[in-house]
Amino acid sequence: MPSAPPPRVSVIVPAYNAMPELTRAITSALDQTLGPDRIEIIAVNDGSTDGTGAELERLAQGRPALRVVHQDNSGCAGGPRNTGLDLARGEFVFFLDSDDYLGPDALRRMVAMADENGTDVVLGRIASVGGRAVPRAVFSHNQPRTDVFSSAAYLTLGPWKLFRRSLIERLRLRFPLFRNCEDKPFTVAAYLNASGISVVADYDCYYVRYREDRSNLTLTAGDLVHRMDGIGLCFETVARYLEPGPRRDRIMRRHVEWELCGPLRGLLPRESEQDARERFYPQFRHWARTWASDAICRQIDAPDRLLIHLLRADRFADVLTVARNAKEDARRGHVIDKGRVYWAHPFFRDPDAAVPDDCFDVTDRLPVHHRLDAARWHGGDGDGGVLRLTGHAYVEHVAALQPGTEVVLRKYQSDRPEVRVVTTPRAAVGLPGDGAYEDAGFTADIDPATADGGAPLERGLWNVYLDVCAQGVSRTVRFGGSREGGEATHPKPRSVTAGPDGRTTVVTPYFTPYGNFSLDVGQVAHHLDAPCQVTEASWHGGRSGVLAVSGRLTSAEGNGLLLRAESGRGEVREVPVRYDGPSGDFTVRLPVRRLARGLWTLTLVMTGGDGPEPCRAMAVPRFGGLAGTRWFRFGRPYYAKPLSWGPAMALAFEVAPVRVATAARRRLRRLRPLRAVRRRATRRGVARPGTDGTGGSPVRGTGRAPAG
């Protein structure tokens with residue numbers, strides 16, 4: 001009789017004196033919508049003395065999905081987790097702490113995300129019960145496939161994630177037997193070796209809470225003696241898997257800030273001076289000298305920079321003084337000198353302290369506060385005119401004396417010079433600071449016909465920034481995210497006549513999906529009267545490198561419809577549209593494989609009656625199911641990757657040669673989980689994928705995996 005297939009997920013629950021929270025933790029795993037036949041729960045009683053073992057046995061009665069293991073106390077969560085890993089059979093592993101619980105649909109959603117995207121680690125949104133702090137930045141939106149370098153995933157190093165077990169076994173990962181920080185090195189290693197990371201952000205997957213008696217290990221083992229080994233192993237793990245350079249610095253920065261400077265400032269002053277000097281300080285100094293590179297020091301905040309400098313200089317007494325006075329010194333003011341802002345710490349420019357000014361420079365980290373109060377057209381009586389912006393902007397801690405704020409227009413996806421518009425100062429009321437920012441108000445008039453040094457703004461999307469300047473301090477920020485609502489900040493499109501030929505262009509003020517103010521000059525993404533409706537964009541005859549765009553004409557005005565592909569370098573390829581019949585239906589084919597390397601945007605253009613210039617246009621929308629394609633050009637493989645371009649989420653293509661070595665590495669990473677499944681299936685006597693079902697030879701001759 002064949003053995004039962006392995007479960008999809010092994011849920012590992014370490015439990016030590018976990019009553020009464022334990023019951024809800026276990027039942028939340030038992031009640032998962034993924035189904036009890038697809039889950040195994042391994043609950044490890046780590047020498048409890050409060051009835052935890054008896055409760056686990058009670059819960060396991062009649063529930064074959066729950067396996068209970070009793071062992072002597074290991075003194076940490078890593079011991080029972082390792083026991084669970086040694087017993088786990090699932091394709092995935094999830095670590096559930098006995099204090100916490102799962103949302104009912106959590107595992108189904110996370111497994112689906114991993115299956116669809118071939119990722120090795122899945123983060124499910126974490127919710128707080130009772131005020132326990134939880135990460136938020138990484139869960140702003142779903143991320144089907146990402147990594148630690150292009151997301152905020154690395155800010156959460158707790159083990160409450162879905163891990164592909166083949167990754168854990170390939171790396172031979174187990175938890176170190178530390179009372180605190182034992183989970184971080186484990187997660188770091190998994191992150192840095194995962195083929196991809198997914199984020200489920202639209203559902204509360206995991207609920208964290210403190211125990212009723214506040215006996216969580218993070219609280220009872222929070223002092224330095226229980227943290228030092230784990231902190232050191234975090235640094236060593238990053239160094240093991242990443243070569244020195246910007247990528248390593250990006251990851252190391254988190255540990256310098258959170259695992260080095262945080263405990264140094266918050267915990268070192270609690271120790272006796274002898275222990276602080278002899279037991280802990282040498283290790284902190286070693287980490288600062290070894291792992292806190294100059295590049296990292298330029299990125300971290302001034303209080304951390306100061307600590308790292310003092311550690312490197314081996315100034316124990318000053319380190320302890322700075323750590324003890326951290327809260328008081330954080331409230332000190334600022335000094336403005338030659339366009340830079342410095343933290344007014346007692347060591348700043350103290351000859352006896354001899355600390356460089358760079359350790360106190362906070363200019364690029366001061367918040368910039370700004371608001372758009374109104375955006376209205378003035379003059380023109382419905383056509384032409386000036387777009388007037390009113391609002392305020394100031395740099396926190398920099399009084400708005402002699403303000404010189406300017407509006408800056410930057411064309412989207414273009415390296416052409418920016419356009420600057422001088423503002424007129426005006427009084428601002430209701431701002432904090434006892435009048436320090438009352439001159440932070442401004443008015444700016446943008447004339448699209450002359451804004452570019454007397455010339456009209458080019459056709460395209462223009463993002464609006466503010467260069468906020470006062471007392472020689474200058475900061476540039478995106479504008480419009482904070483604003484008045486309603487008609488005050490939503491002016492209608494205007495037709496503007498500009499240039500020596502008297503050409504008319506439509507200017508549409510709009511807000512991006514991130515809430516920032518922008519201008520669409522020439523109806524690039526916002527069309528008053530689109531010439532057609534696009535119904536489909538797909539590859540003609542499979543992935544042939546020929547894109548077929550289908551649609552229906554909505555207006556017969558004009559000479560004809562063109563499909564225009566335009567590169568970031570200004571190259572243009574146009575294909576005339578031919579209609580399928582009198583109904584106005586059409587399909588136009590663009591040979592993408594003939595496009596040169598670069599980013600290409602697609603637009604349907606209705607040409608005018610008096611010349612080749614477009615009178616109306618619309619961007620081709622991105623259809624979600626459109627995949628990339630590949631072809632060979634002069635014996636070298638090329639690819640076209642569809643992208644969503646601009647605020648209208650229009651269709652664009654990145655065309656480039658395939659990096660063969662990179663593609664091979666990615667393919668190997670994708671194949672590793674499948675090979676592991678095949679090896680396990682072979683050991684159990686089950687036919688491997690790609691065999692005839694009887695244990696015979698794999699299918700040969702096709703050069704690819706069999707269908708299905």
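None of these values were measured; they are calculated from a predicted model. We number each residue from 1, following the sequence as shown.
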Q | Within 6.0 Å of CG in Asp434, more than 12 heavy atoms from elsewhere | A | no
**Q.** Exceeds 12 heavy-atom contacts within 6.0 angstrom, atom CZ of Arg136
**A.** no
Hey, is the main chain of [Y] close enough, under 3.5 Å, to the side chain of [X] for a donor-acceptor pair?
| X | Y | value |
| --- | --- | --- |
| Arg483 | Gly515 | yes |
| Arg475 | Thr363 | yes |
| Arg164 | Thr119 | yes |
| Asp301 | Pro303 | no |
| Asn193 | Ala189 | yes |
| Arg145 | Asn117 | yes |
| Arg416 | Arg410 | no |
| Asn325 | Thr321 | yes |
| Ser198 | Pro144 | yes |
| Ser482 | Arg371 | no |

salt_bridge([X], [Y]) N-O dist < 4.0 Å:
| X | Y | value |
| --- | --- | --- |
| Asp329 | Arg331 | no |
| Glu418 | Lys411 | no |
| Asp202 | Arg125 | no |
| Arg270 | Asp223 | no |
| Glu236 | Arg240 | no |
| Glu259 | Arg227 | no |
| Asp361 | Arg340 | yes |
| Arg349 | Asp337 | yes |
| Asp100 | Arg209 | no |

Would you check if [X] and [Y] make a side-chain contact, meaning some heavy-atom pair closer than 4.5 Å?
| X | Y | result |
| --- | --- | --- |
| Cys297 | Arg312 | yes |
| Val473 | Ile336 | yes |
| Val121 | Tyr191 | yes |
| Leu260 | Phe235 | yes |
| Thr476 | Leu466 | no |
| Phe149 | Arg247 | yes |
| Arg174 | Phe186 | no |
| Asp439 | Pro403 | yes |

Interatomic distance, [X] atom [atom1] to [Y] atom [atom2] [nearest 0.5 angstrom]:
| X | Y | atom1 | atom2 | result |
| --- | --- | --- | --- | --- |
| Leu123 | Cys205 | CG | SG | 9.5 Å |
| Thr146 | Ile197 | OG1 | CD1 | 7.0 Å |
| Tyr206 | Phe94 | OH | CZ | 6.0 Å |
| Leu409 | Asn463 | CG | CG | 9.5 Å |
| His226 | Glu182 | NE2 | CD | 12.0 Å |
| Arg332 | Phe360 | CZ | CZ | 11.5 Å |

Q. Which is it for Lys161 and Asp183 under the salt bridge (Lys or Arg N to Asp or Glu O under 4.0 Å) test, yes or no, and what are the steps along the way?
A. CA-CA 11 Å; Lys161 300 165 179 62; Asp183 49 354; over 6 Å; no
Please determine, by modelled atom types, if [X] and [Y] share a side-chain donor-acceptor pair under 3.5 angstrom.
| X | Y | answer |
| --- | --- | --- |
| Arg478 | Ser518 | yes |
| Asp467 | Thr405 | no |
| Ser150 | Asp147 | yes |

What are the two closest non-hydrogen atoms of [X] and [Y], and how far apart are they?
| X | Y | answer |
| --- | --- | --- |
| Leu389 | Ala375 | CD2-CB, 3.6 Å |
| Pro269 | Ala323 | CG-CB, 3.7 Å |
| Ala15 | Leu22 | CB-CD1, 4.2 Å |
| Phe347 | Val322 | CE2-CG2, 3.8 Å |
| Ala440 | Leu431 | CB-CD1, 4.3 Å |
| Ala292 | Ile308 | CB-CG2, 4.0 Å |

**Q.** Residue pair Phe517, Phe511: steps toward the ring-ring contact (aromatic ring centres under 6.0 Å, His included) verdict
**A.** CA-CA 5 Å; Phe517 194 58; Phe511 291 97; 5.3 Å; yes
Ring geometry between [Y] and [X] (parallel below 30°, tilted from 30 to 60°, perpendicular above 60°):
| X | Y | answer |
| --- | --- | --- |
| His255 | Tyr154 | perpendicular |
| Phe442 | Phe479 | tilted |
| Tyr207 | Tyr101 | parallel |
| Tyr394 | His392 | parallel |
| Tyr281 | Phe316 | perpendicular |

Q: Evaluate side-chain contact (heavy atoms from CB on, under 4.5 Å) for Trp343 paired with Val335, printing each intermediate quantity in order.
A: CA-CA 6 Å; Trp343 176 32; Val335 176; over 6 Å; no
Q. With a cut-off of under 6.0 Å to the ring centre and 45° to the axis, is Arg289 in cation-pi contact with Phe284?
A. no
Q: For the pair Glu271 and Arg279, evaluate salt bridge (Lys or Arg N to Asp or Glu O under 4.0 Å) and give the outcome as yes or no after the intermediate values.
A: CA-CA 10 Å; Glu271 304 291 338; Arg279 187 173 184 183; over 6 Å; no
Q. Could you walk me through whether Asp373 and Thr390 pass the side chain to side chain donor-acceptor pair (under 3.5 Å) check?
A. CA-CA 6 Å; Asp373 295 328; Thr390 58; 5.2 Å; no
Q: Please list, chain by chain and in numerical order, all residues satisfying side chain to side chain donor-acceptor pair (under 3.5 Å) with Thr290, sequence neighbours excluded.
A: His286
Q: Take Asp204 and Arg109 through the salt bridge (Lys or Arg N to Asp or Glu O under 4.0 Å) test and state the conclusion after the steps.
A: CA-CA 11 Å; Asp204 287 339; Arg109 288 173 180 254; over 6 Å; no
